[in-house]
Amino acid sequence: MKMSKLFVQTLREDPADADVISHKLLSRAGYIRKLTSGVYNYLPLMWRVLKKIENIVREEMDSSGAQELLLPFLQPKELWEESGRWEVYGKELMRLQDRHNREMCLGPTAEEVITFVARNGLKSYKQLPCNLYQIQTKFRDEVRPRFGLLRGREFIMKDAYSFDTDEEGLDKSYKIMADAYTRIFERCGLETRAVQSDTGAIGGKLSHEYMVLTTTDSGEDDVFFCDDCGYAANSNHTVSVLPETQTDGGFTETKIVDTPQTTTIEKLCECLNIPASVILKCVVYIVDKKPVLAMIRADKQVEETKLMNAAGGNDVRIASEAEIEELMQQHGFNASKGFIGPKGLEDLTIIADNTVKDMKNFVAAVNKNDVHMVGANLDVDIPHIEKYYDIRLAEAGEFCPQCGKPLKVTRGIEVGNIFKLGTKYSKPMNAVYLDKNGKAVPFEMGCYGIGITRTAAAAVERWHDEHGIIWPVAIAPYHVTVVPLNDKDELQMNTAKSIYVKLLKAGIEAVLDDRSERAGVKFKDADLIGFPYRITVGKTITDGNVELKTRKTGEVETLNPDNAVSRVIELIKEAI
Ligand code: ATP
Ligand code: MG
């Protein structure tokens with residue numbers, strides 16, 4: 001490809017809405033242009049990168065025995081009603097109507113469609129196990145599309161679905177996918193960690209997320225991990241062991257005391273001169289439109305996904321002040337945030353964290369402003385709790401649930417996710433096969449996603465410097481750029497052209513920077529775009545030499561043109 005013809009416009013400025021480095025660099029280097037919120041044009045350079053990632057995914061999926069197909073992007077409501085997700089999938093599901101007023105949605109994933117395909121095509125145990133996958137555009141009407149390709153509304157995902165006769169088979173299929181994922185991300189130049197996670201809107205029994213670990217905001221998930229035993233989990237799934245702490249408030253007498261303006265836990269601690277671990281904290285959430293009262297020891301925080309699961313819901317958010325006011329009025333109270341207690345709110349769903357179990361003679365709010373009860377005890381002063389849950393957000397320094405060593409925390413970008421679905425879709429959608437005895441049995445299913453566009457952005461997050469992108473060779477849009485410094489110099493131009501032609505003949509993806517630009521401009525663009533290798537043909541060609549520069553290391557080798565060609569071919573072959 002000649003640089004003069006390449007469809008690329010580099011920009012001097014970052015887009016105004018770009019907060020993370022991959023969004024900035026992919027925009028500035030001419031890979032993507034925003035069309036509308038969360039929807040991007042993948043320009044030629046980007047498309048080359050995406051196709052490379054897709055092909056790595058394809059090769060590894062195919063070699064693991066999966067078969068590629070392509071399912072429609074538009075999905076009918078009826079299938080979603082069969083699975084029960086039409087009602088419960090939140091606003092992220094982009095719903096629309098056709099000219100006959102038939103309701104449809106744009107596929108955020110394809111469990112329903114693939115289950116439909118399987119129930120028509122997989123009839124006998126003899127056809128199992130079977131794994132089908134596609135690489136297809138997905139649409140999710142994300143609340144906050146941001147970070148460019150990391151969290152778009154329209155994005156490309158590989159989604160695979162496995163069908164097995166029993167759980168043992170599913171375990172095997174899951175393991176095969178886990179191994180394929182490790183290879184896929186490795187080949188894309190990304191080190192990932194598989195972490196246990198919540199199963200979310202997709203549902204099922206067990207799931208692992210493949211995280212690219214980072215320390216920046218581009219990682220939207222917190223990942224807790226143990227260096228000693230390898231335990232790793234998303235914060236929405238981390239179970240930690242707490243250090244010993246004071247849970248007995250020591251208040252021998254139960255009474256109401258004045259605690260003016262103690263609207264926060266800190267103020268209450270100060271007012272009563274107590275640690276937060278002897279205060280019962282009550283927080284009102286809205287789960288699936290209904291108020292839920294979460295109770296936890298006040299030195300700890302509620303993890304919303306855990307709370308949502310404990311309450312059996314699909315959607316969670318903290319209640320607004322207005323909603324709390326309304327709730328109080330309905331129950332004949334007049335308390336504001338900070339003074340909400342469980343007594344008198346027994347009709348709500350109350351979810352208590354495990355930390356509440358050991359509390360004694362503690363401090364609790366009583367739905368009255370500016371006072372608290374001290375010396376409160378479970379069952380006596382607050383409603384009886386049938387069942388305790390883990391709804392607590394883990395914190396760094398708490399202990400590993402497997403080996404007891406301190407947990408660490410870092411941020412992660414989720415590039416892939418694998419789920420054991422079990423019969424979550426096959427049962428309600430009546431997707432069955434006939435077993436050896438001719439009995440109809442629902443499939444044991446698994447599903448496996450990889451964000452193709454997100455993986456590309458994650459690679460930029462991981463591989464860049466102040467000058468631009470440093471593509472891992474296997475997913476770079478082109479491998480080499482050949483840069484003659486002075487396009488008026490015939491020897492330089494001819495040598496550059498001959499190097500370029502030799503590279504093309506050897507199957508190397510090369511660019512010839514034939515533009516009449518200053519050397520500085522050419523170098524800047526080459527670094528910004530992120531070609532892994534650059535061959536520069538300058539004045540030293542009169543001595544028979546050119547320079548080969550490796551973008552990642554900055555290493556420069558001075559070689560004659562033929563040796564530069566063979567050396568770069570060798571380097572590329574090694575790297576892929
Ligand atoms: P997240 O928690 O980041 O919203 P998710 O867990 O809902 O993602 P999955 O349903 O597991 O996503 O989808 C599989 C993969 O698709 C993810 O691992 C991710 O790589 C990609 N993906 C999901 N949502 C987006 C998005 N909005 N933009 C880009 N890629 C996405
Ligand atoms: Mg996920």
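Order of listing sets the numbers, starting from 1, for every ligand and every atom in it. Note that the coordinates shown come from a computational prediction; the quantities given were computed from them, not determined experimentally. Keep in mind that the numbers below use all heavy atoms, side chains included, and drop hydrogens, waters and symmetry copies.
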Between [X] and ligand 1, which residue portion shows a heavy-atom distance shorter than 4.0 Å: side chain, backbone, both, or neither?
X      : value
Asp221 : neither
Arg454 : side chain
Met157 : side chain
Arg153 : neither
Arg140 : side chain

So does [Y] get a backbone contact from the side chain of [X], meaning a donor-acceptor N/O pair under 3.5 Å?
X      : Y      : value
Lys552 : Thr550 : no
Ser426 : Phe443 : yes
Arg151 : Arg146 : no

Distance from [atom] to nearest protein heavy atom, with residue and atom:
atom                    : answer
atom 28 (N) of ligand 1 : Gly152 N, 3.1 Å
atom 11 (O) of ligand 1 : Asn417 OD1, 2.9 Å
atom 22 (N) of ligand 1 : Phe155 CE1, 3.5 Å
atom 15 (C) of ligand 1 : Gly451 N, 3.9 Å

Option set Glu220, Glu414, Arg151, criterion heavy-atom distance to atom 3 (O) of ligand 1, minimum: Arg151
Subset of ligand 1 atoms that lie under 4.0 Å from at least one heavy atom of [X]:
X      : result
Val415 : 18 (O), 20 (O)
Leu150 : 28 (N), 29 (C)
Gly416 : 18 (O)

Geometric cation-pi criterion, Arg551 with Trp463: 6.0 Å, 45°: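 The answer is no; the distance or angle limit is not met.
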Check the side chains of [Y] and [X] for a donor-acceptor pair under 3.5 angstrom, ignoring hydrogens and angles.
X      : Y      : result
Ser207 : Thr199 : no
Thr109 : Arg85  : yes
Asp198 : Thr305 : no
Thr165 : Tyr433 : no
Thr36  : Arg153 : no
Tyr133 : Asp62  : yes
Thr216 : Ser218 : yes

Distance below 2.8 Å from the Mg ion (ligand 2): protein N/O/S atoms: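 Only Glu414 OE2, Asn417 OD1 fall inside 2.8 Å of the Mg ion (ligand 2).
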Partner of Arg28 under side chain to side chain contact (heavy atoms under 4.5 Å, CB included), chosen from Ile469, Thr10, Asp14: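 Looking at Ile469, Thr10, Asp14, the match for Arg28 under the side chain to side chain contact (heavy atoms under 4.5 Å, CB included) is Asp14.
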Within-shell test, Leu149 vs ligand 1, heavy atom, strictly < 4.0 Å: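 Per 4.0 Å heavy-atom rule, Leu149 contacts ligand 1.
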Ligand 1 contact by Thr455, heavy-atom criterion under 4.0 angstrom: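 Contact absent.
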Polar proximity ligand 1 side, Thr109 side, N/O cut 3.5 Å exclusive: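 No: no nitrogen or oxygen of Thr109 is under 3.5 Å from one in ligand 1.
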Backbone or side-chain N or O of Gly449 under 3.5 Å from ligand 1 N or O: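 Between Gly449 and ligand 1, no N or O pair is found under 3.5 Å apart.
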CD/Gln97: more than 12 non-hydrogen atoms of other groups inside 6.0 Å: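 Yes, because the 6.0 Å sphere around CD of Gln97 holds more than 12 heavy atoms from other groups.
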Ring centre gap for Tyr31 and Trp471 strictly below 6.0 Å: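 Ring centres of Trp471 and Tyr31 closer than 6.0 Å.
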